[in-house]
Amino acid sequence: MLTAILQRATLALTPTSDSPRLDAEVLLSHALACNRSQLRLKTTLTDTQLSLFQALVTRRQQRIPIAYLIGQKEFWSLMLMITPAVLVPRPETELLVETVLHLISHKEAHIADLGTGSGAIALALVSERLNWRVTATDLSQAALDIAIQNATHLQLHHLTFKLGSWTDAFAPNDRFDAIVSNPPYLAMDDPYLVNTDISHEPVSALVADNQGLAAYQTITTHAINFLKPGGYLCFEHGATQAACVRAILQHHAFVTITTLKDLAGLDRVTYGHIRL
Ligand code: GLN
């Protein structure tokens, strides 16, 4: 019986989803409050579960991201609460976490995550380095509320959350070993913004002026005042933006500028450090 329901939902989701079968299974698991591996043991649905599932499928047909429909998304093996107030964490952003963990070797580092959204990067960092302190900022109080709830729920400490635009949220004497950010980087006219799942995500987390480069320019200009000698600035960026992000870092006297590729082989992270 569930097989037929799943097949019907898969068919219904095929025109608008890249992963219709997986989506159908995740939504059905959510409606049944079980995990995906338990699904095949289920044989019946109550009327309430069926109508919940059908409502979820209808919303998924409108390209609402799965993470918003089920209210969560896994990142760096942490299950995060996700709402439409925050960008859905992407797997490629894990490269930014790996990069910071690799670059900073001292035990008691102080890191900043600018535009933290759900808190994904900041939470992943403190989950790996229990002695680090991470300051996470966001312009959106609604986003910070989600990040704070995630930190509380995951019982992760050593985090400070600050409201404000990029480095404006810092105190004048804040100095960091690394500043990290996955800022908005899509251009306003990026065709990817229309008729895809991301049209439901906060535009302020996706789109930036200057062909998507504005946040890199602003952050780099100010980051220099808040880094310790030798401190790193690490960015996630779009696959075609490495040269521009490198040029911005170079212009502000960052050195040893390095670009790393994500698992799909696309340029995704660029970092540099200020001189010792
Ligand atoms: N990574 C987003 C996407 O490609 C773009 C914006 C961002 O993550 N900062 O959908």
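When a ligand or atom number is given, it counts from 1 through the structure's own listing order. Quick note: residue numbers are just sequence positions, from 1.
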Check: In terms of atom number and element, which parts of ligand 1 are under 4.0 angstrom from non-hydrogen atoms of N182?
Finding: 7 (C), 8 (O), 9 (N)
Next item on the list: Go through D174 and K162 one step at a time and tell me if the salt bridge (charged side-chain N to carboxylate O under 4.0 Å, His left out) criterion holds.
Entry: CA-CA 12 Å; D174 279 342; K162 292 191 174 182; 3.4 Å; yes
Notebook entry, point to check: Is T93 touching ligand 1 with its side chain, its backbone, both, or neither, if touching means heavy atoms under 4.0 Å apart?
Noted result: neither
Item checked: Protein residue, atom and distance nearest to atom 1 (N) of ligand 1, heavy-atom basis -> Y185 OH, 2.9 Å
Next item on the list: Measure the distance from atom 10 (O) of ligand 1 to every protein heavy atom, then report the residue, atom name and distance (to 0.1 Å) of the closest one.
Entry: R90 NH2, 2.6 Å
Notebook entry, point to check: Going by the order shown, which atoms of ligand 1 are within less than 4.0 Å of some heavy atom of A205?
Noted result: 6 (C), 7 (C), 9 (N)
Notebook entry, point to check: Do H237 and Y185 have ring centres separated by under 6.0 Å?
Noted result: no
Margin query: Checking T256 against H273: is there a side-chain donor and acceptor pair closer than 3.5 Å?
Written below: yes
Next item on the list: Determine, step by step, whether F170 and F176 satisfy the ring-ring contact (aromatic ring centres under 6.0 Å, His included) criterion, reporting the C-alpha distance in whole Å, the side-chain angles of both residues, the deciding distance to 0.1 Å, and the verdict.
Entry: CA-CA 10 Å; F170 295 156; F176 301 97; 4.6 Å; yes
Item checked: Identity and separation of the nearest protein heavy atom to atom 9 (N) of ligand 1 -> P183 O, 2.6 Å
Next item on the list: For the pair F235 and Y216, evaluate ring-ring contact (aromatic ring centres under 6.0 Å, His included) and give the outcome as yes or no after the intermediate values.
Entry: CA-CA 8 Å; F235 285 127; Y216 301 115; 4.9 Å; yes
